[in-house]
Student: 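My structure is below; once you've seen it, I'll send some questions.
Indexing begins at 1, ligand by ligand and atom by atom, following the structure's order. Computed from a predicted model, the values in this text were never measured in an experiment. One is the number of the first residue; the rest follow in order along the sequence.
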Amino acid sequence: MLSVLFVTAALGAILSGATELFDRNLAYSSPFANAPHLSHNTRSLKARHVAFAKRQSQLDDTQSSNGFTDEHYPTFYGGDFSASPWIYNGGINFTHSVASGDPFDDSVLLWTRAVPIGSSLPDQSIPVCVSFKIFNNERLSGRPVDSGEAFTSYDVDFTLKVEAKNLKPDTSYWFQFADCTNPKTTSPIGGWSSNVVVCSRYQDGYFNAYGVAAHNTSADIFVHLGDYIYESLGNGAKIGRKTLGRELATIADYRLRLNQYRTDVSLLDAHVKAPWITVCFSPSGACFTDRKLAAVRAYHEWMPIRQVDPDDKLRIWRNFQIGKLLDLTMLDTRQYDRDITDLYYNTVIDSIADEESRSLMGSEQENWFFDTLSASKERGAIWRIVGQQIVFTQLNESGFDVDAWDGYRANRERVLNHLYNEKISNTIILSGDSHANWVSDLAHPNDTTTYDPLTGKGAIGVEFAGTAVTSSSPFGAGIQPVAADKISQVFVQINEDLQWSEGSYRGFFTLTLNTTNAVATYYAMRNISSANLDAFASATFVVEAGANKLARPVAGGSVQAGVLKVQG
Ligand SMILES: *[C@@H]1O[C@H](CO)[C@@H](O)[C@H](O)[C@H]1NC(C)=O
Ligand SMILES: *[C@@H]1O[C@H](CO)[C@@H](O)[C@H](O)[C@H]1NC(C)=O
Ligand SMILES: *[C@@H]1O[C@H](CO)[C@@H](O)[C@H](O)[C@H]1NC(C)=O
Ligand SMILES: *[C@@H]1O[C@H](CO)[C@@H](O)[C@H](O)[C@H]1NC(C)=O
Ligand SMILES: *[C@@H]1O[C@H](CO)[C@@H](O)[C@H](O)[C@H]1NC(C)=O
Ligand SMILES: *[C@@H]1O[C@H](CO)[C@@H](O)[C@H](O)[C@H]1NC(C)=O
């Protein structure tokens, strides 16, 4: 019995010239589809596979090749080489559950990882075949809305990323992967509903914030703005969180780190629960070019993220039009093309932070950003939600953090000018990176003529900056709430635009939008030294459509943690 083919589609594809089973897995082309010297060439993967299949099967076509004979190793140990399959059929393990991401009105990316198990690990030439189905009901019954098969292999760390199409807006979906050669082997079921939009913002401890977001909120989309992984090793051993490997440099390093992070149960749950939209993956930003390429490639293998521009391998900035309700514009203010930042040794940045020409995004991205904001207004979208990594508002924290927009003041002014001059309303900037919570009205720094910090009059929008999932507070690692509030008390007084400051708790926030209101609720984790879902809502902020400022009294006049500029 030779080469049992369980996959009908695959038989045709193996013999034809088509590479579609490879191509359908976007992990092969992403992020370098148009840069063959960097991406995987699926035609050569296919050729490798065909050559292998011919050797195995004595296929007698025009380019007939000899059947598989192994004179060097006669079946010394009684092994039977006759049934080597063309497609791996020794069983697969969906080791890292499932995930989804970058939802559009009519499509979404689905992700899983299908690792061969069993005693007979596949020859490197044999692909693993995975099928997927997406349904509009939780029981996965009836006809799937979309389905298909795709290959994965060791070339992409056995990751699989497919685009499910034919979807409708405002509909709930559930999806599942299976082993093509044994449909009884299935992945966990992932799902989401796309009728209300909620965004959550995340980021040394357990990822409890991801778990609370997955289990205790009704988030439809997770927006991740901070560092998804860290390149350094850190010191997690004392709480059972020792980092594997070494400081990250090669693709193997990045894969190992992503693999380990994705064993955290809370993080897995969050990926299963709803699609993610992300922009940032790791903190190294400046000049480590090979490392950056390795990081981008591994990131695209492991994350359900779309490749925006096939010619621009580093571009991850992109826009999501979500009906008339909002545009979600994701910027890359970390990696793409920014002028040099504070790398802790080049303290010169303080003296050049005011330079007109300094750009945080690079001119191409900056122009695209302004055009996107204007186009969003023109098409009549109600909200403009801007997701990016670093704090926008001027913050004197006994000095400015020049690794934030405070190090790129002219660039910030250009953004504010665009919003004011073009009368673009209802802009909400979401920020990460600072590892503390900051909520502000958007206005020109130091301008209390146009802007009134007490009433919010004259502001042009709002910034919600969120703390980290686990990374330590800039107020001091492990700082207790009482001590953190003393510091916040000063910050809300000396920074005009800042309305709430909180620096003790790790956590995330949700943003719930409808046509008249945007509501942000911040969540604080009580203890991240162990895996748990113990958390509380620390503050809730309302922004009314058209108001372009936080509704007064800010946070209803009281918060459960941190300090408001104006209490009561
Ligand atoms: C599947 O992968 C999980 C996670 O790595 C592991 O715990 C489990 O033992 C694996 N199962 C098999 C059958 O290999
Ligand atoms: C920052 O705030 C401190 C008070 O904490 C103040 O002494 C200092 O002058 C401020 N710096 C600037 C540049 O405003
Ligand atoms: C606001 O004022 C402070 C203190 O004078 C100054 O350091 C800072 O550069 C000013 N910010 C801008 C954007 O001009
Ligand atoms: C929007 O949500 C708010 C609650 O946050 C609610 O009061 C308001 O009625 C909603 N508006 C619409 C149009 O549903
Ligand atoms: C946090 O949880 C750990 C592990 O359960 C426990 O040892 C520690 O005392 C807790 N910390 C606080 C502040 O409750
Ligand atoms: C989250 O839900 C779990 C049960 O699923 C519960 O044990 C926990 O207390 C909840 N946490 C919060 C913050 O509501």
Student: Check whether any protein heavy atom sits under 4.0 Å from atom 7 (O) of ligand 4.
Tutor: no
Student: Could you check whether the rings of F464 and F541 sit parallel, tilted or perpendicular, using 30° and 60° as the cut-offs?
Tutor: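 Rings of F464 and F541: tilted, as their planes differ by 30° to 60°.
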Student: When you compare ligand 2 with N396, is there at least one nitrogen or oxygen pair between them that comes in under 3.5 angstrom?
Tutor: yes
Student: Please list the nearest protein heavy atom to atom 2 (O) of ligand 4 with its residue and the distance rounded to 0.1 Å.
Tutor: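 Of every protein heavy atom, N514 ND2, 2.3 Å lies nearest to atom 2 (O) of ligand 4.
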Student: Distance under 4.0 Å to a non-hydrogen atom of N446: what atoms of ligand 3 satisfy this?
Tutor: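 In order of number, 1 (C), 2 (O), 3 (C), 8 (C), 10 (C), 11 (N), 12 (C), 14 (O).
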Student: Relative to the ring of H418, is the ring of F370 parallel (under 30°), tilted (30 to 60°) or perpendicular (over 60°)?
Tutor: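 F370 and H418: parallel rings.
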Student: Between Y228 and H271, what is the ring plane arrangement, given parallel below 30°, perpendicular above 60°, and tilted in between?
Tutor: perpendicular
Student: With nothing but distance in play, are any N or O atoms of R412 less than 3.5 Å from an N or O of ligand 3?
Tutor: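 By distance alone, the answer is no.
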Student: Considering only heavy atoms from C-beta outward, does the side chain of F175 approach that of I189 to under 4.5 Å?
Tutor: no
Student: Please tell me if atom 4 (C) of ligand 4 is touched by the protein, where touching means a protein heavy-atom distance below 4.0 Å.
Tutor: no
Student: Does the pair K168/D105 count as a salt bridge with the N-to-O cut at 4.0 Å?
Tutor: no
Student: Only heavy atoms of F400, strictly under 4.0 Å: list the atoms of ligand 2 that pass.
Tutor: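 Listed by number with element: 13 (C).
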